[in-house]
Amino acid sequence: MLFADIDILDENFEIKHHQWVGTKEGRIAYIGSVPPMPDQLAAFGDTFAGEGRLLMPALYNAHAHAPMTLLRGFAENLPLQRWLNEKCFPFEARMTGEDCYWGTMLACAEMARFGVVSFTDMYYATEERNQVVRDAGMKANMCEGLVAFEDKPYAEYPTCAQMEALVRDWHGAADGRIRIDYNIHSEYLSTERVCRDILDIVRDTDLRLHIHLSETKKEVEECRERHGGLSPVQYFESIGLFEVPVTAAHCVWVDEADLDILQAHGVFVANNPASNMKLGSGFAPIPEMMRRGIPVCLGSDGMASNNNHNLFHDMYLQALIYKGTTLDPTAVTPQQALASATRTGALSQGREDCGILAEGARADVCVLDITGPSWSPAPDPVYNLVYAGDGADVVLTMCDGEVIYRRAATGEGEWLTIDLERAKAECAARTARIISEL
């Protein structure tokens with residue numbers, strides 16, 4: 001596709017006006033201030049008229065639980081532990097693989113609608129979730145959820161064999177769009193023996209780890225009681241967990257010593273500002289992490305603790321709330337917020353050629369309608385993008401050069417790879433069934 005005479009958010013997160021961007025064979029092949037040479041035009045296929053539009057890198061959701069779309073609006077107004085034990089766990093115990101399939105389908109439709117092409121997902125029924133991602137033309141880093149209480153080797157848990165099969169059959173599948181990560185849910189839902197066994201598997205491979213880390217004050221206090229005063233960050237470092245690439249979700253209750261560890265090991269922190277506020281967990285010290293060079297990416301978390309996959313909302317929160325919590329209006333810049341939602345999120349998934357608008361990069365892009373009232377005036381459109389823009393402005397989402405969502409001439413949204421109406425109906429029926437069983 002050739003995006004003609006369009007404004008772009010370039011690799012430095014600056015706006016450039018009147019650009020031409022060509023994609024072919026799944027990659028960005030041309031960016032310039034003049035059209036490609038006439039003999040090159042045919043190679044780009046269809047032309048997209050860029051007037052009143054902004055082309056930017058697509059978004060990467062660094063922490064999600066996609067099937068939890070089924071729990072949207074079900075588990076409300078509770079702190080984390082009660083939310084889990086009284087609502088989420090009983091509901092999830094009744095979810096089947098097919099339920100997870102349709103929950104993931106609806107999540108993919110919602111993310112594509114809001115310019116997200118890839119997500120890091122921690123849940124169950126990974127085979128079914130992989131099928132959805134493959135067929136939807138999207139990307140995901142998937143792991144099979146594990147809760148380990150018994151002091152036995154990881155090999156004795158059924159999840160171990162499942163993960164071996166997933167790595168064999170799915171890691172790198174769909175032209176690399178699907179990657180398999182290993183998963184340690186958290187310090188409080190794992191054992192040291194299992195953590196060490198998983199570390200031995202991941203070490204010296206191209207696999208990665210996805211964990212929850214220091215999400216609540218209670219989690220940190222109880223960890224210190226169990227492990228001789230060590231915080232979750234210190235505990236995981238003591239067993240060598242950060243020797244491999246790790247994406248750690250939340251990291252709300254971390255101190256200076258914890259930050260030193262995260263910085264030293266280059267741990268990716270997946271900030272979930274909406275979920276952290278909704279569950280009353282607190283605010284991760286994102287400005288200090290960014291000052292230290294800790295790579296901060298952005299996550300939605302599950303729909304029981306956020307309620308929407310509109311990552312533009314989370315980006316807005318990340319750019320805004322820390323100005324209030326630190327009393328510093330410069331705490332997080334719009335460019336830093338955009339990097340978290342795009343490039344850093346892609347890097348957290350091990351996708352080195354993604355999340356950036358540059359020649360040779362994967363053609364993962366979204367286009368926004370910038371003709372609405374919130375986009376005018378715009379002396380610097382980057383500020384409009386972060387503080388006034390919204391996922392509802394997205395008119396096209398492209399993953400690896402293939403359009404997966406677009407707004408038709410009628411103004412209606414079109415999902416080219418997903419049957420949205422069926423996904424909505426299936427999820428509504430399945431949620432009603434499960435609630436009736438509780």
Side-chain angles (χ1 to χ4, degrees), residues 62-65 68 71 75-90 92 120 122-123 143 145-151 181-196 198-199 209-242 246-263 265 267-286 288-289 294 296-302 304-306 321 325:
H63 181 64
H65 308 289
M68 291 185 82
L71 284 85
E76 299 289 344
N77 295 313
L78 291 171
L80 178 65
Q81 296 302 325
R82 289 188 59 199
W83 174 82
L84 281 171
N85 294 313
E86 297 176 19
K87 290 288 188 175
C88 294
F89 288 160
E92 291 172 324
T120 300
M122 182 190 296
Y123 216 68
C143 58
L146 170 68
V147 174
F149 290 118
E150 301 177 63
D151 187 20
D181 292 347
Y182 269 78
N183 154 240
I184 294 169
H185 181 280
S186 57
E187 178 276 329
Y188 59 91
L189 291 181
S190 64
T191 66
E192 181 176 337
R193 189 172 186 178
V194 162
C195 290
R196 290 186 182 276
I198 290 175
L199 177 61
L209 271 174
H210 188 189
I211 65 175
H212 293 95
L213 186 64
S214 299
E215 184 174 358
T216 66
K217 184 178 181 181
K218 176 181 173 66
E219 172 190 339
V220 174
E221 290 173 344
E222 292 181 349
C223 178
R224 291 189 185 278
E225 292 175 3
R226 283 190 290 268
H227 298 291
L230 297 180
S231 70
V233 175
Q234 294 164 338
Y235 161 72
F236 279 133
E237 188 200 33
S238 74
I239 61 177
L241 199 75
F242 301 132
V246 173
T247 295
H250 303 293
C251 297
V252 174
W253 291 88
V254 290
D255 58 21
E256 288 294 318
D258 294 333
L259 291 171
D260 288 342
I261 292 169
L262 297 175
Q263 180 181 1
H265 293 281
V267 175
F268 286 89
V269 172
N271 186 30
N272 297 263
S275 174
N276 292 340
M277 287 195 293
K278 189 165 186 279
L279 292 175
S281 300
F283 302 94
I286 296 303
E288 176 61 15
M289 291 178 183
I294 295 170
V296 176
C297 39
L298 194 62
S300 65
D301 214 347
S305 61
N306 186 336
I321 59 178
T325 60

List the atom of [X], the atom of [Y], and the distance in Å for their closest heavy-atom pair.
X      : Y      : value
Phe149 : Leu189 : CZ-CD2, 3.2 Å
Ser275 : His250 : OG-CE1, 4.4 Å
Gly302 : His65  : N-CD2, 3.7 Å
Thr120 : Ala62  : CB-O, 3.3 Å
Met289 : Ala284 : CE-CB, 4.5 Å
Cys143 : Met122 : SG-CA, 3.6 Å

Return the [atom1] to [atom2] distance between [X] and [Y], rounded to the nearest 0.5 Å.
X      : Y      : atom1 : atom2 : answer
Ile239 : Glu192 : CD1   : CD    : 5.5 Å
Thr216 : Gln81  : OG1   : CD    : 5.5 Å
Lys218 : Ser281 : NZ    : OG    : 12.5 Å
Glu187 : Cys195 : CD    : SG    : 8.5 Å
Glu219 : Glu221 : CD    : CD    : 11.0 Å
Leu279 : Met277 : CG    : CE    : 11.0 Å

Sequence-distant partners of Arg224, salt bridge (charged side-chain N to carboxylate O under 4.0 Å, His left out), two or more places apart: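 Listed in chain order: Asp255.
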
Side-chain donor or acceptor of [X] paired with backbone N/O of [Y] under 3.5 Å:
X      : Y      : value
Trp83  : Asn77  : no
Asn183 : Leu146 : yes
Asn306 : Ser300 : yes
Asp301 : Gly299 : no

Among [options], which residue satisfies the side chain to side chain contact (heavy atoms under 4.5 Å, CB included) criterion with [X]?
X      : options                        : value
Leu213 : Val269, Val246, Val254, Leu262 : Leu262
Glu237 : Ile261, Leu230, Asp258         : Ile261
Pro232 : Cys251, Ser186, Cys223         : Cys223

Lys87: partners by side-chain hydrogen bond (donor to acceptor under 3.5 Å, both in side chains), with sequence neighbours left out: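 For Lys87, no residue satisfies side-chain hydrogen bond (donor to acceptor under 3.5 Å, both in side chains) once neighbours in sequence are set aside.
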
Residue list, side-chain hydrogen bond (donor to acceptor under 3.5 Å, both in side chains) with Tyr182, at least two apart or on another chain: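 With neighbours one apart ignored, the set is empty.
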
Full working for side chain to side chain contact (heavy atoms under 4.5 Å, CB included) between Ile184 and Ile198: CA-CA 8 Å; Ile184 294 169; Ile198 290 175; 3.9 Å; yes

So, do [X] and [Y] sit near enough that their side-chain heavy atoms are less than 4.5 Å apart?
X      : Y      : result
Leu241 : Leu209 : yes
Val252 : Pro285 : no
Arg226 : Tyr188 : yes
Cys297 : Asn271 : no

Check: Tyr123/Glu92 side-chain N/O donor and acceptor closer than 3.5 Å: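 A pair is found: one side chain offers a donor N or O, the other an acceptor, under 3.5 Å apart.
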
Parallel, tilted or perpendicular: rings of Phe242 and Phe236 (30°, 60°):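 Correct class here is perpendicular.
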
Parallel, tilted or perpendicular: rings of His210 and His212 (30°, 60°):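 His212 vs His210 ring planes: parallel.
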
